[in-house]
2 protein chains.
Amino acid sequence: MGTPRPYADVIDRLRGAGLRPTRQRIALARLLFAGGDRHVTAEQLHGQAIERDVRVSLATVYNTLHQLTQAGLLREVVVEPGRSYFDTNIADHHHFYHEPTGELQDIPGEKVGVTTLPKPPKGQRIERVDIIVRTRDSLD
Amino acid sequence: MGTPRPYADVIDRLRGAGLRPTRQRIALARLLFAGGDRHVTAEQLHGQAIERDVRVSLATVYNTLHQLTQAGLLREVVVEPGRSYFDTNIADHHHFYHEPTGELQDIPGEKVGVTTLPKPPKGQRIERVDIIVRTRDSLD
DNA sequence: GTGATTGCAAATCTTTTGCACTAAA
DNA sequence: TTTAGTGCAAAAGATTTGCAATCAC
């Protein structure tokens with residue numbers, strides 16, 4: 001048996017992204033990629049880290065989130081001015097956005113059929129198609 | 001002939017929205033609704049007003065944009081964290097977003113076909129579907 | 001060791017707010 | 001008048017940055 005490496009999976013993921021597996025990055029990555037798909041703001045993630053006694057500064061959380069996004073391990077979702085969500089689901093998919101609570105919910109890519117789409121302006125290529133289905137409470 | 005009213009159209013539009021046609025609001029509405037469809041940030045609109053020697057504060061521009069949005073005369077488009085665009089096109093439509101320049105371009109609603117869409121979460125109704133097609137330069 | 005990473009606090013940027021002043025009705 | 005609207009400057013958030021201290025390799 002080889003020497004057991006703690007959090008080997010997370011560390012490999014960071015390494016794969018070209019990021020040094022520091023204490024902070026490992027902790028954040030564990031929080032992010034532990035459960036299923038998550039939608040978190042920097043503030044929320046920072047709060048959770050603090051809760052679990054992980055000493056990280058908010059600045060580092062922001063930096064790490066952006067680094068992971070750039071590496072393709074996270075996706076940034078913009079639904080509201082002045083607040084960014086980071087999505088651990090990087091598969092092709094879209095979102096329900098419940099405006100009253102600010103909650104995001106994934107819609108699997110295959111559940112949405114976009115038939116036609118015009119050609120992008122000259123000299124541009126499509127990078128990504130984001131669909132946000134904004135919802136409110138039925139009674140309103 | 002009745003007494004000619006300057007900017008009667010704009011004034012009526014504001015009145016119709018329940019907004020007093022003040023000097024500032026008239027000027028801003030004229031900038032917004034003059035040409036065809038426009039996508040502006042508060043900062044940009046403020047800049048244009050100043051350029052044309054209209055004395056308005058940025059705070060008033062923000063207030064007015066939100067009032068017009070609430071009245072249904074404008075639509076807010078969120079594509080980037082920390083910056084809101086206001087769209088004078090209130091018809092059903094979507095957007096190309098050219099990431100390098102931050103430019104928005106309308107896609108008429110009928111040019112995009114969304115076939116299937118899952119039911120929203122229990123107790124919620126769909127308010128609006130926003131589709132943002134993010135583009136980059138072809139060569140990148 | 002040494003170069004990448006972190007923390008902290010300050011800086012930045014967008015947007016909102018409080019309040020005395022001004023203007024529309 | 002009387003009440004809504006405005007400007008200004010200050011406040012509030014979210015995010016970024018500069019730089020000395022710290023850590024991974």
Side-chain angles (χ1 to χ4, degrees), chain A residues 3 5-8 10-29 31 39-47 49-50 53-71 74 76-86 102, chain B residues 3 5-8 10-31 39-47 49-50 53-71 73-74 76-86 102:
Chain A
T3 310
R5 288 191 302 153
Y7 322 134
V10 169
I11 291 177
D12 291 345
R13 235 209 264 225
L14 288 170
R15 280 238 168 72
L19 298 173
R20 270 195 198 172
T22 62
R23 178 177 60 75
Q24 293 82 339
R25 299 217 266 231
I26 293 170
L28 293 176
L31 285 173
H39 303 102
V40 291
T41 63
E43 199 75 52
Q44 286 169 357
L45 184 59
H46 182 243
I50 297 303
D53 290 313
V54 177
R55 289 182 52 261
V56 205
S57 72
L58 184 54
T60 296
V61 173
Y62 272 106
N63 288 337
T64 303
L65 284 172
H66 284 137
Q67 289 155 354
L68 292 175
T69 300
Q70 192 147 12
L74 287 180
E76 192 171 358
V77 183
V78 188
V79 280
E80 263 187 349
R83 170 177 279 89
S84 268
Y85 288 82
F86 292 86
Chain B
T3 311
R5 287 190 303 155
Y7 321 134
V10 169
I11 291 178
D12 290 345
R13 233 208 267 223
L14 288 170
R15 280 238 168 72
L19 298 173
R20 271 195 198 172
T22 63
R23 179 178 60 74
Q24 292 83 338
R25 298 217 267 230
I26 293 169
L28 294 176
R30 292 216 303 140
L31 285 173
H39 303 101
V40 291
T41 63
E43 199 75 50
Q44 285 169 355
L45 185 59
H46 182 243
I50 298 304
D53 289 312
V54 177
R55 290 182 50 262
V56 206
S57 72
L58 185 54
T60 296
V61 173
Y62 272 106
N63 288 337
T64 302
L65 285 172
H66 284 137
Q67 289 154 355
L68 292 175
T69 300
Q70 191 147 14
L73 269 52
L74 288 179
E76 192 170 357
V77 184
V78 187
V79 279
E80 262 187 349
R83 170 175 279 90
S84 267
Y85 288 82
F86 292 87

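FYI, side chains are in, hydrogens and waters are out, and symmetry mates aren't considered; it's all heavy atoms of this structure. Chain naming here is simple, since letters A, B, ... match the order of the sequence lines and numbering starts at 1 in each.
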- Euclidean distance, atom CD of residue B/E80 to atom P of C/dC13 [Å, nearest integer]: 14 Å
- Which nucleotide, C/dT14, C/dA23, C/dT6, lies nearest any side-chain atom of B/R83? C/dT14
- Pairing residues for B/R55 by the salt bridge (Lys or Arg N to Asp or Glu O under 4.0 Å) criterion, not counting sequence neighbours: none
- Task: Round to a whole Å and report the spacing from CG of A/L58 to P of C/dA11.
- Result: 18 Å
- Relative to the 5' end of DNA chain C, which residue comes earlier, A/P81 or A/T22, by the nucleotide with the nearest heavy atom? A/T22
- Query: Whole Å only: how far is the CD atom of B/Q67 from the C1' atom of C/dT15?
  - Reply: 14 Å
- Task: Would you kindly compare B/R23 and B/Y62 by the position of their nearest DNA chain C nucleotide and give the one closer to the 5′ end?
- Result: B/Y62
- Can you name the nearest heavy-atom pair linking A/V40 to A/L45, along with the distance? CG2-CB, 4.5 Å
- Which part of the nucleic acid does B/H66 contact within heavy-atom distance under 4.0 Å: base, sugar-phosphate only, or nothing? sugar-phosphate
- Residues which pass side-chain contact (heavy atoms from CB on, under 4.5 Å) with B/H39, listed by chain and number, not counting sequence neighbours: B/Y85, B/D87, B/H95, B/L104, B/D106
- Length of the CZ-C1' vector between A/R55 and C/dT6, whole Å: 10 Å
- Item | Integer-rounded Å distance: C/dT12 C1' and B/E43 CD | 13 Å
- Note on the structure: The nucleotide from C/dT17, C/dA4, C/dG7 with an atom nearest the side chain of B/N63 is C/dT17
- Using only side-chain N and O atoms of B/Q24, determine if any of them is under 4.0 Å from OP1 or OP2 of C/dA23. no
- Rounded to whole Å, CD of B/E76 lies from P of C/dT14 at a distance of 15 Å
- Query: Atom CD1 of A/I26 to atom P of C/dT5: distance rounded to whole Å?
  - Reply: 13 Å
- Where chain A begins and ends its contact with DNA chain D, read 5' to 3' at 4.0 Å from heavy atoms: D/dA14 to D/dC25
- Message: What I'd like to find out is whether the side chain of A/R25 reaches to under 4.5 Å of the side chain of A/L19, using heavy atoms alone.
- Response: yes
- Query: Looking at the rings of A/F86 and A/H66, which for Trp means the six-membered one, are their centres under 6.0 Å apart?
  - Reply: yes
- Query: Has A/R20 got a side-chain N or O lying under 4.0 Å from the OP1 or OP2 atom of C/dT2?
  - Reply: no
- If you look at every strand shown and take non-hydrogen atoms under 4.0 Å, does B/T41 touch a base, only sugar-phosphate, or nothing? nothing
- Rounded to the nearest 0.5 Å, how far apart are OG1 of A/T41 and NE2 of A/H46? 11.5 Å
- Look at the side-chain N and O atoms of A/R25 and state whether any lies under 4.0 Å from the OP1 or OP2 oxygen of C/dT5. yes
- Could you tell me the separation between the CG atom of B/L58 and the CD1 atom of B/I50, rounded to the nearest 0.5 Å? 9.0 Å
